Protein chains: 2
Amino acid sequence: MINTSTKILDTAQELIQTRGYSAISFQLIADQVGIRKPSVIHHFPSKASLGVAVIARYRESFAIQMRSIKADPEKTAWDALEFYFSPYLAFAETPNKVCLCGALAGEVLALPEEMHSEVKDFMESHQKWLEDIFRTGRKNGEFQFDETPPRLSKTFFSALQGALLIKRSTGDLSQLKDVQKVIRRLLR
Amino acid sequence: MINTSTKILDTAQELIQTRGYSAISFQLIADQVGIRKPSVIHHFPSKASLGVAVIARYRESFAIQMRSIKADPEKTAWDALEFYFSPYLAFAETPNKVCLCGALAGEVLALPEEMHSEVKDFMESHQKWLEDIFRTGRKNGEFQFDETPPRLSKTFFSALQGALLIKRSTGDLSQLKDVQKVIRRLLR
DNA sequence: TACGATCTACCTATCAGTAGGTAGTTTTTT
DNA sequence: AAAAAACTACCTACTGATAGGTAGATCGTA
């Protein structure tokens, strides 16, 4: 039996990923969870606090996974890259899902102040992870590329985030798959 | 003296680009234009119809410019590419602006049905233009690349759209500039 | 005088959030 | 061990503000 706070966070995350933050409400979440609106507010006293909690949990779940793969000496840079790719593909294959922070990026100015730094930190840490993978892979001899790791990671992170959003608008899954193919080929 | 409908469209576009569609209202637009809410509704009888009109105009303004550059035999593929890059840089340099359709892509499921195909068509025609530029440039000998033009255009269009969104979240203008640098170098 | 643009006044639905309370569990005190 | 106090999770009923949208009067111009 999963607790109510977790159910609220799961539901809120799903709704933000599909509809955006501005378009969700306590009522919508309450209906989906099967409780009353004030009960949602009992767990998260404001919409902003719920928003912050959703991003914080999302960020942390990525951070845990990246820490574990970086700590494992068995894993190659290719392994790390493919591992990083996998949630993007999973989102793209779920109809209508994009990265939480990709969805939020479209409406930052309508977001409460407290959420801004959460989104910013998300973007920055993901680009750092990619940069690290590229640097390590080149040092190993696994990857070959001419660009600097920061430029490459910015480009590829932008492409992955963009591809998810475009895929959802066009319905064409190859948007993401082709981006991942191109990235792989550019590193060989 | 610019007419009221145009003022409403300008204001609505600006607000959607900065805050998203869900976060805008007739009242907000009316205040900004300096008229009353029912006067806005007189020109655009529903929020959906206003949304559609904003995207349609935005799409058309790009289409006109792309047609003119493709019709000009003086223009090289590099010219066309730099020309295509320019509005992205202009948006990025305006604090808090992203591509209209990039902003909308984050909240498609909260958008009225009529807007979906407008967003989809936007994405598809932009990728076709890029594909065409790449194909022509390679035939000319201006560009060198191994990938197929559709894959390359998907990747670079994704990267440009993503970069704008990420730039706005992080405040780092190099997000877009670096993406454009990487694209240029990969074509030589 | 006819018409489009604008206005005031209003509608219903929904928004985030509050007030106050009930039932059941846990913790503290006697 | 029993009673009292506090806490947790949820509820009904409400508030003031704002959402999209309507009805109908007035104004300015061709």
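Worth knowing before you read on, the calculation uses all heavy atoms, side chains too, and leaves out hydrogens, waters and symmetry mates. The structure displayed is predicted, hence computed values, not measured ones.
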A:S39 vs D:dC11: side-chain N/O to OP1/OP2 distance below 4.0 Å: yes
Nearest to side-chain heavy atoms of A:P38, which nucleotide of D:dC11, C:dT8, C:dA5: D:dC11
Heavy-atom side-chain proximity of B:E131 to B:F134 below 4.5 angstrom: no
Protein-nucleotide distance (B:I35, atom CD1; C:dG4, atom C1'), rounded to Å: 14 Å
No-hydrogen, no-angle side-chain donor-acceptor test under 3.5 Å, A:K154 and B:S174: yes
For atom CG of A:L50 and atom P of C:dG17, their distance in whole Å: 10 Å
Any side-chain donor near an acceptor of the partner, A:Q161 and A:Y88, under 3.5 Å: yes
Lys/Arg cation over aromatic A:Y21: A:K47, 6.0 Å, 45° cone: yes
Report each atom pair, protein N/O against N/O of nucleotides 17-20 of chain D, whose distance is under 3.5 angstrom.
| unit_1 | atom_1 | unit_2 | atom_2 | d |
| --- | --- | --- | --- | --- |
| D:dA19 | OP1 | B:S25 | OG | 3.2 |
| D:dG20 | OP1 | B:I24 | O | 3.3 |
| D:dG20 | OP1 | B:K47 | NZ | 3.4 |
| D:dG20 | OP2 | B:F26 | N | 3.1 |
| D:dG20 | N7 | B:K37 | NZ | 2.8 |
| D:dG20 | O6 | B:K37 | NZ | 3.2 |

Nearest-angstrom distance from the residue atom CZ of B:R36 to P of D:dT26: 17 Å
Gap between atom NZ of B:K7 and atom CD1 of B:I2 - 0.5 Å precision: 7.0 Å
Whole-Å gap separating C1' (C:dA16) and CD1 (A:I29): 12 Å
Residue-phosphate contact under 4.0 Å: A:H42 side-chain N/O, D:dC10 OP1/OP2: no
B:H43 side chain near C:dG4 phosphate (N/O to OP1/OP2, under 4.0 Å): no
Polar contact flag, side-chain donor to acceptor under 3.5 angstrom, B:Q175-B:R168: no
Residue-phosphate contact under 4.0 Å: A:T4 side-chain N/O, D:dA9 OP1/OP2: no
